[in-house]
There are 2 protein chains.
Amino acid sequence: MTTTTQRSERRADALSKERIVAAAIQILDSGGEKALTFRALAARLATGAGAIYWHVADKNELLAAATDDIIARAMAEAADSEQPRETIRAAALTVFDVIDAHPWVGAQLAEEPWQPAVLRILEGFGGPLTALGVPEKAQFDCATALLNYVSGLAAQYAAAARLQGRETSRTALLANVAARWTALDPAEYPFVHRVAARLADHDDREQFLAGIDLILTGIEAVR
Amino acid sequence: MTTTTQRSERRADALSKERIVAAAIQILDSGGEKALTFRALAARLATGAGAIYWHVADKNELLAAATDDIIARAMAEAADSEQPRETIRAAALTVFDVIDAHPWVGAQLAEEPWQPAVLRILEGFGGPLTALGVPEKAQFDCATALLNYVSGLAAQYAAAARLQGRETSRTALLANVAARWTALDPAEYPFVHRVAARLADHDDREQFLAGIDLILTGIEAVR
DNA sequence: ACCTGAACACCGTTCAAGT
DNA sequence: ACCTGAACACCGTTCAAGT
């Protein structure tokens with residue numbers, strides 16, 4: 001009893017995994033992946049770098065915890081429809097919006113495919129498949145196809161954020177890439193040269209959803 | 001004329017971007033991403049770390065060059081069919097086999113979506129779409145859907161290779177993950193819990209192709 | 001023009017020492 | 001039990017100095 005009392009009487013701003021993760025998210029959101037160092041995190045928490053290791057095993061665990069925090073909150077709020085197809089679309093759009101708002105989450109999802117956050121997403125894709133009429137045997141392939149697609153987009157967004165740094169916007173970056181595509185030899189890269197214009201003025205969210213719909217159409221054909 | 005003569009008379013093992021990239025690929029293939037440092041590379045080339053910077057701008061350029069070297073060779077050999085669907089499948093399987101053999105290529109493809117190697121892959125997916133009857137407007141979405149799916153798988157393979165290190169095999173790793181999935185609360189993760197068995201004994205290449213086929217079926221429905 | 005290798009500016013992580 | 005902060009073992013990159 002004495003020890004528990006002693007424990008609860010510690011100063012209010014004592015370190016905890018939750019406080020560390022919250023501070024990490026703030027740093028990641030404002031400065032990107034590059035900004036999160038143990039030194040920066042310790043400075044923000046007004047402590048030493050080593051103190052963090054008492055609550056968190058290493059940087060991997062810290063990033064996984066930060067990612068799960070954001071994904072868990074978002075997936076819990078994802079719209080639930082009576083139509084399984086709509087439920088899957090809503091889950092996908094939820095992940096898209098999270099990645100768009102926190103590109104570092106995208107990097108983490110792609111880099112650590114077996115972390116808890118990914119399981120939540122996989123559950124969001126796989127859960128409605130039975131109601132969609134997909135036979136049991138095909139469900140794993142269908143859910144991972146959606147997951148791979150989303151992971152690929154996540155990686156792409158993370159790369160864009162890394163290139164942007166702080167100065168350019170995503171649209172400016174894509175316009176830049178599109179210009180380089182247009183300058184390619186049309187004989188060697190006919191397709192890329194031809195679709196370069198679309199890269200510059202497409203809507204990211206609509207394009208993302210178009211890909212989800214392609215896969216969903218393929219999935220519905222499996223029934 | 002004197003200068004050009006002088007240039008060609010340098011010792012046969014003079015540094016060049018090609019030699020540097022070739023050495024980098026050897027290190028990456030035998031030791032993984034982690035093993036490629038400028039110090040290790042310089043040691044293998046029997047030179048100083050700074051010398052490499054005369055031929056290569058930085059580590060990004062080095063990795064992009066190594067990746068393009070491997071992807072260009074592989075894509076050039078990809079089977080070309082009269083049936084556009086088969087051509088796309090062959091391109092996808094070519095990329096799969098490359099990633100399977102060189103997981104670090106997977107990491108690089110996912111991390112740098114605007115590097116030359118990715119353009120070759122995008123060309124392989126987009127080129128046959130016209131013959132497949134996909135309207136011009138939809139081709140960009142279709143090709144990038146395939147690309148995102150492949151990038152997601154690439155990231156997943158790269159992560160597996162990172163976790164494996166050197167001791168465990170990929171199948172052992174997946175069996176391990178599957179065991180953790182089985183141990184999950186079936187109430188919270190019903191789907192993941194249910195498909196855990198499939199993760200352990202599925203065929204990676206077949207599963208990959210199943211996802212490609214889902215997307216292709218969706219694409220054919222766009223016609 | 002090309003190469004050398006020490007030095008710089010950073011990392012993540014550890015650990016003896018404190019409270 | 002929890003925190004401090006210097007120290008360690010690495011990185012990528014730079015640059016004065018050589019040939």
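Lettering of chains follows the sequences in order, A, B, ..., and the numbering in each one begins at 1.
- Taking atom CD of residue A:Glu33 and atom P of nucleotide C:dC11, one finds them 14 Å apart after rounding to whole Å.
- Protein atom CG of B:Leu63 is 10 Å distant from nucleotide atom P of D:dG12, rounded to whole Å.
- For B:Phe191 and A:Phe125, the distance between ring centers is not under 6.0 angstrom.
- Listed nucleotides D:dC3, C:dC11, D:dG12 differ in distance to B:Arg39; the shortest reach to its side chain belongs to D:dG12.
- What separates CZ of B:Phe38 from P of D:dC10 is a distance of 18 Å, to the nearest Å.
- Considering CD1 of B:Ile70 and NE2 of B:His102, their distance stands at 4.0 Å, rounded to 0.5 Å.
- If you measure from atom NZ of A:Lys34 to atom C1' of C:dC11, you get 13 Å, rounded to the nearest angstrom.
- Side-chain polar atoms of A:Thr94 and A:Glu77 form no donor-acceptor pair below 3.5 angstrom.
- The CG atom of B:Asn176 lies 12.5 Å from the CH2 atom of B:Trp181; values are rounded to the nearest 0.5 Å.
- For the side-chain hydrogen bond (donor to acceptor under 3.5 Å, both in side chains) test, no residue two or more places apart in sequence or in another chain qualifies with A:Lys59.
- If you check residues 52-60 of chain A against DNA chain D, the residues with a heavy atom closer than 4.0 Å are A:Trp54, A:His55, listed by number.
- B:Leu41 comes within 4.0 angstrom of nothing in the nucleic acid, heavy atoms only.
- At a threshold of 4.0 angstrom between heavy atoms, the contacts of A:Leu36 are confined to the sugar-phosphate backbone, with no base atom among them.
- Between B:Leu45 atom CG and C:dG5 atom C1' there is a gap of 15 Å when expressed in whole angstrom units.
- For an aromatic pair to be called close, the ring centres must be under 6.0 Å apart, and B:Tyr157 with B:Phe96 satisfies this.
- For the atom pair A:Arg194 CZ and A:Tyr189 OH, the distance stands at 15.5 Å (nearest 0.5 Å).
- Side-chain N or O atoms of B:Arg170 include none that pairs as donor or acceptor with a backbone N or O of B:Ala161 at under 3.5 Å.
- We find the CG-NE2 distance between A:Leu184 and A:His193 to be 7.0 Å, quoted to the nearest 0.5 Å.
- Pairing analysis of DNA chain C (Watson-Crick: purine N1 to pyrimidine N3 plus N6-O4 or O6-N4; G-U wobble: N1-O2 and O6-N3; both under 3.5 Å) yields stems of 3 or more pairs at C:4-8 with D:12-16, C:12-16 with D:4-8.
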